[in-house]
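Report on the following structure.
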Amino acid sequence: MIDRLMAYNAARKQSRAFAPAVAGALREGKLDEAIKIADRYKKSHLAKVVVAGLQEFQAHQMSAEISGKRSKLPSAPSIAPKRSFTLS
């Protein structure tokens, strides 16, 4: 039980340090740099998830470049309701 608590605390500490460290690289679109930063945070669950997503995104970009298609990020879905409802 104590081992799990220690592992959880280490992962939480690294995840909290990872988020601001990787934010700048992601903001600037430097995916390779973001992956390298994540490699330094081996215990962080957040880093593991972010790296998996970045690697998948890079693989998609590479396959789109090979096929000649332009790769674009999908637009974010609108969260506004389609129609308004009134309560009577």
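As the structure is a prediction and not an experimental result, all values here were calculated from the model. Excluded from the calculations below are hydrogen atoms, water molecules and symmetry mates; all remaining heavy atoms, backbone and side chain alike, are included.
For R16, the CZ atom is loosely surrounded, since the number of other residues' heavy atoms within 6.0 Å does not exceed 12.
In this structure, S44 and S15 approach most closely via the heavy-atom pair OG-OG, 2.8 Å. The shortest non-hydrogen separation linking Q14 to K42 is OE1-N, 3.3 Å.
Using a 4.5 Å cut-off on side-chain heavy atoms (C-beta onward), R4 and Y8 make no contact. Within the 4.5 Å cutoff, the side chain of Y41 has no heavy atoms near those of the L46 side chain.
Remark: I37 CD1 to L26 CG distance equals 8.0 Å, nearest 0.5 Å. To the nearest 0.5 Å, the span separating NZ on K43 from NZ on K48 amounts to 10.0 Å. Note that CG of L54 is 10.0 Å distant from CD of Q61, once rounded to the nearest 0.5 Å. The CG atom of D32 sits 5.0 Å away from the CD atom of Q58 when rounded to the nearest 0.5 Å.
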| message | Under the criterion side chain to side chain contact (heavy atoms under 4.5 Å, CB included), I'd like the reasoning laid out for E33 against V22: C-alpha separation, chi angles, the key distance, then a yes or no. | response | CA-CA 8 Å; E33 184 179 331; V22 77; over 6 Å; no
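Clustering ILVMFWY residues whenever any of their side-chain heavy atoms sit less than 4.5 angstrom apart, transitively, puts I35 in the very cluster that holds F57.
L5 belongs to no hydrophobic cluster, as no Ile, Leu, Val, Met, Phe, Trp or Tyr side chain comes under 4.5 Å of its own.
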